[in-house]
> 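Structure below; questions to follow.
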There are 2 protein chains.
Amino acid sequence: MPNRRNLATEPPREDLAARLLEEAEALVRRDGPDGVALRELARACGSSTMAIYTLYGGKPGLMQALYAIGFARLHAYALAVEERAAPLRWMVRQMLAYRRFALDHTGMYRLMFGGEKRFSPTGRHSQFVSLAVPVEDAYPAFAALVDAVGTCLTHHRGAAPDPAEVQDLAFLVWGQMHGLVGLEIAGYADAADALGRYESAVRFICTNLGAAAADVDAELAAAG
Amino acid sequence: MPNRRNLATEPPREDLAARLLEEAEALVRRDGPDGVALRELARACGSSTMAIYTLYGGKPGLMQALYAIGFARLHAYALAVEERAAPLRWMVRQMLAYRRFALDHTGMYRLMFGGEKRFSPTGRHSQFVSLAVPVEDAYPAFAALVDAVGTCLTHHRGAAPDPAEVQDLAFLVWGQMHGLVGLEIAGYADAADALGRYESAVRFICTNLGAAAADVDAELAAAG
DNA sequence: AGCGTTTCCATAACAGCGTTATTGAGTCGA
DNA sequence: TCGACTCAATAACGCTGTTATGGAAACGCT
């Protein structure tokens, strides 16, 4: 890495790259993925648009960096509810945390899963992937979901299940979560109904994982 | 409705409004929802952008009309597989038809469910809704799904279920379909795995609706 | 028939967008 | 100290959606 010092002239512009990203995240939060305008972003940071080009190579590179941040945020939500000692609680809370993330970061969620563009959450900025993203790379938190599903299944069956089965099941769970959350975000459900329906899905899935309905309800009540 | 005659000068420009919509749908198919540029659209139709403003009131109005067309297309997919005499077959094929529509009309699907903007599929163009869209309005084909779920449940239980329960269950099914399809479109699943996982969901749901796993597999095989 | 009125759309302009070529200021290594 | 290099500001290009202007065609009326 050659000399990459900050120029740091009179205006104490500390780490412009981080500040740009920070402000861009705020714009995504406010106006969605399409609401990020380089000129407005640069203006908000007191710089010119060229800075974005030298730092991120252009708008796609910036969005790629934002995208990675989004996955980091989602991962944090998943890690926060990890509870290996109580598999069912872990499972329930992780599903709730997924929805919470999507509602807390609607713009980011749409950027990540809207399917408009395909980024690589693991790659550095300004790298793009042309093919389908492997699940583990794309959604690091997916590993946590697989983990929770596997643990839950092991706990209720008394024996370790087939890893491939766990993986497939976790993907179905992810599909259920993403679907309900996506419909809610897109406006196809009243805010009042949405939570109840999501909890129904949690019940539905957890009982199919072997848990007792009453236990699931108890976890839902405790978490809510 | 006052005099709304077609000017129809030398160039036999029959029904410019329909032709604009047709071409716009082609653009959505080619480049996605964001790929619709008024200038290119007008050029393709041999008109100017002003025509779009007089006919649709602007780009939002045009997208609104496109949006309604998308729901009509989806509705057609759902109607094509209606089979009241064989509830399980109906259910299975409707779920497969949903995915088929999404894969056949990826751009349109993203326009409808991408959550970028909220249109009213029933309203005329240039009308927008600010609040959440009631499910029945938003997704006319949802009624068909509710119908199929209800018929399937009645068939396997021998008694008519509670309508509210059917409605909620159908919404979960919709969520599962939308989630898996959305992840597939966004690139979070290999094309090879995607179908298998979707069929797993069909199995999962239909058996939970009371069908025998073998029967579901038979329907899947017959439909595939 | 003739004359407003109205409808429809082409032309041209405006502000904003992402992007790029140019250029200058500031920092590093020799 | 001096050349090489990095970083970013300025200005321009082509694109976008949108709007003001204006003109041509058809209608309603007398």
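In what follows, chains are A, B, ... by sequence order, proteins preceding strands, each numbered from 1. Not measured: the values here are computed from a predicted model.
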> Please state how far atom NZ in B:Lys59 lies from atom P in D:dT19, giving the value in whole angstrom units.
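B:Lys59 atom NZ is separated from D:dT19 atom P by 14 Å.
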> Compare the minimum distances between each of C:dC17, C:dA10, D:dT19 and the side chain of B:Thr49, then state the nucleotide with the smallest one.
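Of the options given, the side chain of B:Thr49 lies nearest D:dT19.
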> In terms of side-chain heavy atoms of B:Ala37, which of C:dT19, D:dT16, D:dT10 is nearest?
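The nucleotide sitting nearest to the side chain is D:dT16.
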> Could you tell me how far apart A:Ile52 (CD1) and D:dC7 (P) are, to the nearest whole angstrom?
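That distance rounds to 15 Å.
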> Working to the nearest 0.5 angstrom, can you tell me the gap between B:Tyr198 OH and B:Leu220 CG?
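It comes to 10.5 Å.
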> Given atom CG of A:Leu38 and atom P of D:dA12, what is their separation to the nearest angstrom?
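The distance from CG of A:Leu38 to P of D:dA12 comes to 20 Å, rounded to the nearest Å.
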> Tell me: OH of B:Tyr56 to P of C:dC9, nearest whole Å?
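In whole Å, C:dC9 P lies 11 Å from B:Tyr56 OH.
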> Nearest-Å distance, CZ (B:Arg43) to P (C:dC9)?
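That distance rounds to 19 Å.
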> How many whole angstroms separate atom CZ of B:Arg39 from atom C1' of C:dA13?
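Whole-Å distance recorded here is 10 Å.
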> Can you tell me the distance, in whole Å, between the CE atom of A:Met50 and the C1' atom of C:dG24?
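Nearest whole value for this atom pair: 13 Å.
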> Check the distance between D:dT16's C1' and B:Glu40's CD and give it to me in whole angstrom.
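Result: 12 Å.
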> Could you pull out all residues at least two apart from B:Arg100 that satisfy salt bridge (charged side-chain N to carboxylate O under 4.0 Å, His left out)?
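Applying salt bridge (charged side-chain N to carboxylate O under 4.0 Å, His left out) to B:Arg100 gives B:Asp104.
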> Closer than 4.0 Å, any side-chain N/O of A:Tyr53 to the OP1 or OP2 of C:dT20?
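For C:dT20, OP1/OP2 do not have a side-chain N/O of A:Tyr53 under 4.0 Å.
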> Ignoring the backbone of A:Ser47, work out which of D:dA9, C:dA10, D:dA8 is nearest its side chain.
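Of the options given, the side chain of A:Ser47 lies nearest D:dA9.
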> Flag the pair B:Phe101 / B:His75 as yes when their ring centroid distance falls below 6.0 Å, and as no otherwise.
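Between B:His75 and B:Phe101, which both carry aromatic rings, the centre distance is not below 6.0 Å.
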> Taking A:Tyr56 for its side chain and A:Met63 for its backbone only, find out whether a donor-acceptor pair lies under 3.5 Å.
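It does not hold such a pair.
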> Is B:Thr54 near enough to C:dC9 that one of its side-chain N or O atoms lies under 4.0 angstrom from OP1 or OP2?
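Yes, B:Thr54 has a side-chain N/O under 4.0 Å of OP1/OP2 on C:dC9.
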